[in-house]
Asks: 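Shown below is the structure under consideration.
Basis for what follows: all heavy atoms, side chains included, without hydrogens, waters or symmetry-related copies. As the structure is a prediction and not an experimental result, all values here were calculated from the model.
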Amino acid sequence: MRYLPAGGRAAPLVVWIHGGGWRTGDKSGLNLRYDPSVEPRKPATCNGVVQVQSPDVSALNSAGYAVAAINYRLDHDPVTAVRDAKAAVRFLRSNAARYHLDPGRFGVWGDSAGGILGDHGRPHRRGS
């Protein structure tokens, strides 16, 4: 699942990895917040505790970023999940021209287990 900004140029990519404790979840969870017809919200100050679970795709697209949501096997094994995340990022990087992505500018966003995959698996680093 990918969301591309307007313009057709090679865009930096935000790879979103869903949470779920390696037991539940799906990349389609990102779809729940995405509505291309809605204008992105203006940034606001926050004085309370906030939990951000998934990126605001329309705001990222309007800022020139592409967004791709990936899945991993839900078999309770974080090592398998890391391998899957790395494979997905390698696929996106090797097909960057096809999808109008800048292969040198990939970043990862994840919540819960997805955040751990983005950090410990480091699928955003070249050569992994």
Side-chain angles (χ1 to χ4, degrees):
M1 172 180 310
R2 25 180 191 70
Y3 304 95
L4 301 171
R9 295 182 297 276
L13 176 67
V14 174
V15 177
W16 183 70
I17 308 173
H18 69 83
W22 302 287
R23 292 185 277 291
T24 187
D26 186 81
K27 66 183 180 181
S28 64
L30 185 63
N31 225 4
L32 300 175
R33 288 199 51 193
Y34 182 66
D35 182 351
S37 67
V38 174
E39 201 54 38
R41 292 182 309 246
K42 300 289 184 232
T45 60
C46 179
N47 296 325
V49 176
V50 176
Q51 184 180 38
V52 176
Q53 293 294 321
S54 61
D56 185 334
V57 177
S58 59
L60 286 167
N61 282 169
S62 69
Y65 292 89
V67 179
I70 65 171
N71 271 335
Y72 53 88
R73 284 173 278 181
L74 302 175
D75 65 2
H76 308 263
D77 180 8
V79 174
T80 300
V82 167
R83 288 180 183 143
D84 290 349
K86 285 183 172 187
V89 171
R90 279 193 303 269
F91 172 84
L92 289 165
R93 198 179 304 276
S94 68
N95 287 282
R98 178 179 176 191
Y99 297 125
H100 305 287
L101 305 173
D102 181 342
R105 297 193 303 162
F106 278 30
V108 177
W109 184 324
D111 67 283
S112 191
I116 292 170
L117 292 177
D119 182 42
H120 292 286
R122 290 178 178 70
H124 55 285
R125 290 195 177 166
R126 275 195 185 261
S128 57

Asks: In the structure I gave you, are the side-chain heavy atoms of Asp111 and Trp16 within less than 4.5 Å of one another anywhere?
Replies: yes
Asks: Would you name the heavy atoms of Lys27 and Ile70 that are closest together and state the gap between them?
Replies: CB-O, 3.6 Å
Asks: Is the Phe91 ring parallel, tilted or perpendicular to the Tyr99 ring (thresholds 30°, 60°)?
Replies: tilted
Asks: Please report the shortest heavy-atom distance between Gly20 and Ala113, naming the atom on each side.
Replies: N-CB, 4.1 Å
Asks: State whether the side chain of Ser94 and the backbone N or O of Arg90 hold a donor-acceptor pair below 3.5 Å, judged by distance alone.
Replies: yes
Asks: Using a 3.5 Å distance criterion without hydrogens, assess whether the side chain of Tyr3 forms a donor-acceptor pair with backbone atoms of Ala69.
Replies: no
Asks: Could you tell me the separation between the NE2 atom of His18 and the CG atom of Asp26, rounded to the nearest 0.5 Å?
Replies: 6.0 Å
Asks: Report yes or no: does Asp102 contribute a side-chain atom to a donor-acceptor pair with the main-chain N or O of Ala10 at less than 3.5 Å?
Replies: no
Asks: Would you give the length of the straight line joining atom CH2 of Trp22 to atom CD1 of Ile116, rounded to the nearest 0.5 angstrom?
Replies: 4.0 Å
Asks: With rounding to the nearest 0.5 angstrom, report the OG1 to NE2 distance, Thr24 to His76.
Replies: 9.5 Å
Asks: Which residues pass the salt bridge (charged side-chain N to carboxylate O under 4.0 Å, His left out) test with Arg73, sequence neighbours left out?
Replies: Asp84
Asks: Could you go through the side chain to side chain contact (heavy atoms under 4.5 Å, CB included) check for Val67 and Trp109 one step at a time?
Replies: CA-CA 10 Å; Val67 179; Trp109 184 324; over 6 Å; no
Asks: Restricting to side chain to side chain contact (heavy atoms under 4.5 Å, CB included), what partner residues turn up for Ala66, sequence neighbours left out?
Replies: Leu4, Pro5, Ala11, Leu13, Leu101
Asks: Any idea which heavy atoms bring Ile17 and Gly118 closest together, and the distance?
Replies: CD1-N, 4.1 Å
Asks: For residues 74-83, pull every pair meeting salt bridge (Lys or Arg N to Asp or Glu O under 4.0 Å), keeping only residues two or more places apart or in separate chains.
Replies: none
